[in-house]
Number of protein chains: 2
Amino acid sequence: MTAKTVLIVDDEASIREMIAVALEMADYRVLEADNAQTAHAMVVDDQPDLVLLDWMMPGTSGIELARRLKRDTATAELPIILLTAKSEEDNKIQGLEAGADDYITKPFSPRELVARLKAVLRRATPTGVEDTVEIDGLRLDPVSHRVSANGEALDVGPTEYRLLQFFMTHQERAYTRSQLLDQVWGGNVYVEERTVDVHIRRLRRALGDDHQHLIQTVRGTGYRFSTKE
Amino acid sequence: MTAKTVLIVDDEASIREMIAVALEMADYRVLEADNAQTAHAMVVDDQPDLVLLDWMMPGTSGIELARRLKRDTATAELPIILLTAKSEEDNKIQGLEAGADDYITKPFSPRELVARLKAVLRRATPTGVEDTVEIDGLRLDPVSHRVSANGEALDVGPTEYRLLQFFMTHQERAYTRSQLLDQVWGGNVYVEERTVDVHIRRLRRALGDDHQHLIQTVRGTGYRFSTKE
DNA sequence: CGCTAATGTGACAGCTTCGTGACAATCGTG
DNA sequence: CACGATTGTCACGAAGCTGTCACATTAGCG
């Protein structure tokens, strides 16, 4: 088994250092970032297996970054452990709601940190890598987060990307607007059902004349992705 | 799709009224109760699909009722949305711990209320799994929501689809027009019986020459789906 | 072979669902 | 903070579906 990579996000260098040492002794690869901005970039570029995220940071807070990562399909599966200086319940709950998989209250022992980190990694879905899907000349690459038709790049918005990814991995099946909202938008969003129509429209337009027939309307029900007919 | 029933529990008549109007405009059936006692009785008797529960009420508080409903297996699955006048985090947390599926802070817009109610109901509704049926080269696939004859897709309207699905899962048995209206259209619709004939006609046409013999007329009674004769 | 009741069929007005462009609010970014 | 991108919502028209009718056709019966 190859060593797991952990991204530490904290603005205090001393803490990063302390954690890094502990993790390296436990045979993890370590990346560091001191703000949410670069952290996000590193998640995209280096694809760590887990993120250790400080709750309190100047600028975008840790929790914001967590939300952002969980919202994006490409990074939604990435396990996150929140570090929090306060032991207040509020933080715990907000953190877990934001999608964190665990949280650790400072001060903590390196031992404890490593133990919980292992536990989270163990729980983490082994899916990890998402495959590139190519159907009928239409190609979606989760790694580069790009869509192309016959080699030519298509301009697809974030929501349309998620929608397309969902469809391409769930072909030949009709979904109601409700189900799409659940699957693509996420369970607890309060959005009108007709909004789905609009994004279907945007996706169809982005796919161009060659491929929009793949997104089919199932009258009275919803939509379906299919190569047939 | 049958209308969902929502039980509003609040001691202030004016608030109930406001909510009731909003919900009725969105095509929900509305029940009202002004205390936890009667609310509990109505849950048992009328089996609403969702409960909108005020947090602050004289006597047994809303949260008590929520706990009680969640504790009882018969009502544990019933989604509950808490209404709370205070925006304090504490309430939110207690409410969610008591088993509420969502909470809304007053004041709220009717729009928001309906939107969140929809979202909660969406999550609560289990997706029924239905099997593909294939008879004599005619195939109906509930998953892709498609009908095909010997592999070729058929263009079937929504009502004809439901009609065919019913027939294919209830072969070799004659149904009166009245029974078909009950089973396919749904219990409480007022529709002329002859309307069934028209949809039978449309279904037969959609099935094409190869398969329309499957839909048989039972003179003086109604229709039957059968491969025989 | 006529007669009658039951069923088949085409047409159509009204209704529902879907496609689409516009727009304001929000988000992400420099 | 300002700009462009993205998002959710709406209004309106187009397209499709539904229920009903009027009339044609058929089955059953004496």
Side-chain angles (χ1 to χ4, degrees), chain A residues 35-41 43-44 59-61 64-65 67-69 71-73 75 145 155-164 174-178 180-181 184-186 188-207 209 212-213 215-224, chain B residues 1 26-27 109-112 114-116 118-119 145 155-164 174-178 180-181 184-186 189-207 209 212-213 215-224:
Chain A
N35 64 73
Q37 192 80 9
T38 53
H40 190 266
V43 167
V44 174
T60 310
S61 77
E64 267 309 312
L65 178 58
R67 282 217 184 81
R68 200 164 139 199
L69 291 175
R71 217 183 309 133
D72 189 341
T73 14
T75 54
H145 213 263
D155 187 25
V156 175
T159 304
E160 285 72 48
Y161 178 89
R162 276 181 282 127
L163 190 54
L164 182 60
Y175 290 94
T176 64
R177 294 172 174 74
S178 261
L180 290 173
L181 284 176
V184 177
W185 273 253
N188 349 1
V189 284
Y190 316 113
V191 172
E192 291 292 323
E193 296 206 338
R194 290 295 314 273
T195 297
V196 174
D197 297 29
V198 179
H199 283 277
I200 288 283
R201 149 82 173 142
R202 287 168 183 160
L203 178 54
R204 278 174 173 158
R205 180 161 46 184
L207 293 186
D209 294 337
Q212 49 178 293
H213 65 274
I215 312 278
Q216 301 168 357
T217 304
V218 183
R219 197 153 245 268
T221 301
Y223 298 94
R224 170 181 54 206
Chain B
M1 181 166 36
D27 272 337
S109 69
R111 238 182 112 56
E112 184 191 0
V114 173
R116 297 176 71 160
K118 268 188 199 166
H145 209 271
D155 189 23
V156 175
T159 304
E160 285 73 47
Y161 178 90
R162 274 181 283 127
L163 191 53
L164 181 59
Y175 290 93
T176 65
R177 294 172 174 74
S178 186
L180 290 172
L181 283 176
V184 179
W185 273 252
V189 283
Y190 114 93
V191 171
E192 292 293 323
E193 294 209 338
R194 291 295 315 275
T195 298
V196 174
D197 297 27
V198 179
H199 283 278
I200 289 285
R201 148 78 174 146
R202 286 168 183 161
L203 179 54
R204 280 173 172 158
R205 180 161 45 184
L207 293 186
D209 294 337
Q212 49 178 286
H213 65 275
I215 312 279
Q216 301 168 358
T217 303
V218 183
R219 195 154 246 267
T221 304
Y223 299 93
R224 171 182 53 206

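- To the nearest angstrom, P of C/dT20 lies 13 Å from CD1 of A/I215.
- Distances from the side chain of A/V191 to the nucleotides D/dT9, D/dT20, D/dT7 place D/dT9 closest.
- Expressed to the nearest 0.5 Å, how far CG of A/D197 lies from CZ of A/R177 amounts to 4.0 Å.
- Ring geometry for A/W185 against A/H199 counts as perpendicular: the plane angle is over 60°, on a 0 to 90° scale with 30° as the lower cut.
- Residue B/L203 contributes atom CG, which lies 12 Å from atom P of D/dT18 at whole-angstrom precision.
- D/dA5 atom C1' lies 18 Å from atom OH of A/Y161, rounded to whole Å.
- If you check every strand for non-hydrogen atoms under 4.0 Å, A/R194 touches a base.
- Set against D/dT20, C/dC18, C/dA5, the side chain of B/R219 has C/dA5 as its closest nucleotide.
- Between the CD1 atom of B/I200 and the CG atom of B/L164 there is a distance of 10.0 Å, given to the nearest 0.5 Å.
- Among the protein residues, A/Q212 comes within range of no part of the nucleic acid, since none of its heavy atoms lies under 4.0 Å from any strand.
- Taken from OH in A/Y223 to CG in A/L203, the straight-line distance is 11.0 Å, to the nearest 0.5 Å.
- Between A/V218 and B/G220, the one whose closest nucleotide on DNA chain C sits nearer the 5' end is B/G220.
- One interatomic measurement links the two molecules: CZ of B/R177 to C1' of D/dT20, which rounds to 15 Å at whole-angstrom precision.
- OP1 or OP2 of D/dT20 has at least one side-chain nitrogen or oxygen of B/T195 nearer than 4.0 Å.
- Counting to the nearest Å, the C1' atom of C/dA6 and the CD1 atom of B/I200 are 15 Å from each other.
- The shortest distance between the side-chain N/O atoms of A/W185 and the OP1/OP2 oxygens of D/dG8 is below 4.0 Å.
- The nucleotide whose nearest atom lies closest to any side-chain atom of B/P158 is, among C/dC18, D/dC17, D/dT7, D/dC17.
- No contact: B/V156 has no heavy atom under 4.0 Å from any strand.
- Using a 4.0 Å heavy-atom criterion, one finds that A/Y223 contacts the sugar-phosphate atoms exclusively.
- The structure places CD of A/E160 at 9.5 Å from CZ of A/R205, a figure rounded to the nearest 0.5 Å.
- For A/R202 against C/dG19, no side-chain N or O and base N or O form a donor-acceptor pair under 3.5 Å.
- Under 4.0 angstrom from either OP1 or OP2 of C/dT9 there lies no side-chain N or O belonging to B/R204.
- Between the CG atom of B/D155 and the P atom of D/dG16 there is a distance of 9 Å, given to the nearest Å.
- Nearest nucleotide to the B/V198 side chain, out of D/dT20, D/dT18, C/dT20: D/dT20.
- Spacing between atom CG of B/D197 and atom P of D/dT26 amounts to 16 Å, rounded to whole angstrom units.
- Rounded to whole Å, atom C1' of C/dG19 lies 15 Å from atom NE2 of A/H199.
- The residue B/E193 sits apart from the nucleic acid: no heavy atom pair falls under 4.0 Å.
- For A/T159 and D/dT7, the shortest distance from a side-chain N or O to OP1 or OP2 is below 4.0 Å.
- For the atom pair CD1 (B/I215) and CZ (B/R224), the distance works out to 11.5 Å, reported to the nearest 0.5 Å.
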